[in-house]
Amino acid sequence: MSKLEIPLRLRRLRRTASVRALVQQTRVGVDDLIYPLFVREGGGAAEPVASMPGVGRHSLEGLVAEARAAHELGIRAIAIFPVTPATKKDPRGREALNPKCLVLRAVRAVKKALPDLIVITDIALDPYTSHGHDGVLHANGRDVDNDATVVLLAKMAVLQAEAGADWVAPSDMMDGRVRAIRAALDAAEHKGVAILSYAAKFASAYYGPFREAVGSQQAAGKTYLDKRTYQLNPANPREAWREAALDAHEGADILMVKPAGAYLDILHALRQRTDMPLAAYQVSGEYAQIHAAAQLGWLDLAATRDEALLAIKRAGADLILTYFAKDVARALR
Ligand code: PBG
């Protein structure tokens, strides 16, 4: 018998699974999840992405099937990213404004099959440019031309809304794009289409596997695709608040922080600063890290996945974009 006097014992509320569930303060639910999906031209089975186990580049039919499977597990939203064949890429990303381009066909197909599933489209030129940047370049060929790019992004938004996108998500980080997109959508009578703005998107090395998946890194060749003239410096939280405030002011409906895991401080502080809904993107490199360690037998896949997502929710995200969405939805069943 112990003679220690310990009046307050916090372990009392950790004794059993039932007690722990009753006092649990944060939960990740299927309603929080947005499932990013890649679509490519052609038929057949999904083409695997080497650095993202379980993730594939789907045919149009495969995309609809994967969206349906996710929807049946309770997932309410997907984000579609197109893989453009190299032959359709050019320095100006013209394919982005082709009314028959892949992503628009994909939106139509998914909305036709699954009208209740929220479809989110990405607004940026990187899937379409031969240099892999998110916009068109100045004549000097070195830097992205902000204003010329914004004009194209606003047109993309209208095409995507016409195809049936519920939310458009500008991921390009040009100045003034949210205002231009909102104005263009309203002028085209798409007043109900919401803008999920990548407000605090950092110039991150964690995007590597995504760039391999959509082919923007291959477009850039051997040199690392450097987006530091438009994406945020990872060292600058106050600049992130300014970006978020601007996007809110320009008419964004939801603000996003990206990446998530290495930027939980940004997410947490932004939660204190705004009443807007917040999304966080657990990006390709975060997914790849967890899978790589699990493949080596060094981490438990499901436990690490769940802990990483819980941390993102705890930091203040209302919504989480994650390649794990379908796995988590299944595990929650
Ligand atoms: C590009 C875009 C990127 C991602 C989403 N949209 C990559 C980039 O900025 O180079 C990254 C997503 C991920 O890594 O999962 N507009």
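Predicted model only: the values in this text are computed from it and were never measured. Both counts, for ligands and for their atoms, begin at 1 and track the order of listing.
- Taking any N or O of S171, backbone or side chain, at least one lies under 3.5 Å from an N or O belonging to ligand 1.
- When non-hydrogen atoms are compared, ligand 1 lies under 4.0 Å from the backbone of S284 as well as from its side chain.
- The six-membered or imidazole ring of H291 lies near that of F324, with a centre-to-centre distance under 6.0 Å.
- Polar contact check, K227 against ligand 1: a nitrogen or oxygen pair lies under 3.5 Å apart.
- Here R177 pairs with D247 in a salt bridge; the nearest charged N to carboxylate O distance falls below 4.0 Å.
- The protein heavy-atom contact nearest to atom 2 (C) of ligand 1 is K201 NZ, 3.2 Å.
- Taking each of R211, H133, Q282, Q231 in turn, the one with a heavy atom nearest to atom 10 (O) of ligand 1 proves to be R211.
- For T84 and E95, the side-chain atoms include no donor-acceptor pair closer than 3.5 Å.
- Between Y281 and Y198, the ring planes are tilted. Angles from 30° to 60° get that label.
- Contacts with ligand 1 closer than 4.0 Å are made by no heavy atom of Y287, backbone or side chain.
- Dense packing is recorded around NZ of K111, with more than 12 heavy atoms of other residues, nucleotides or ligands lying under 6.0 Å away.
- Closest heavy-atom contact between V283 and Y207: CG1-CE2, 3.8 Å.
- Interface of K258 with ligand 1, defined as ligand atoms under 4.0 Å from a residue heavy atom, comprises 2 (C), 3 (C), 4 (C), 5 (C), 6 (N), 11 (C), 12 (C).
- For the pair F210 and P36, the minimum side-chain heavy-atom distance is 4.5 Å or more.
- Heavy-atom proximity to Y281, at under 4.0 Å, picks out these atoms of ligand 1: 12 (C), 15 (O).
- Taking a cut-off of under 4.0 Å to the non-hydrogen atoms of Y323, the atoms of ligand 1 that pass are 12 (C), 13 (C), 15 (O).
- Ring pair Y263/F202 is parallel by interplanar angle, where below 30° counts as parallel and above 60° as perpendicular.
- Annotation for ligand 1: atoms under 4.0 Å from non-hydrogen atoms of A124 are 16 (N).
- Protein heavy atom closest to atom 12 (C) of ligand 1, with residue, atom name and distance, is F210 CD1, 3.3 Å.
- Listed by number with element, the atoms of ligand 1 under 4.0 Å from a non-hydrogen atom of D126 are 1 (C), 2 (C), 16 (N).
- At a 4.0 Å heavy-atom cut-off, ligand 1 touches V283 through backbone and side chain alike.
- A side-chain hydrogen bond (donor to acceptor under 3.5 Å, both in side chains) with E66 holds for exactly one of H58, H71, K326; it is K326.
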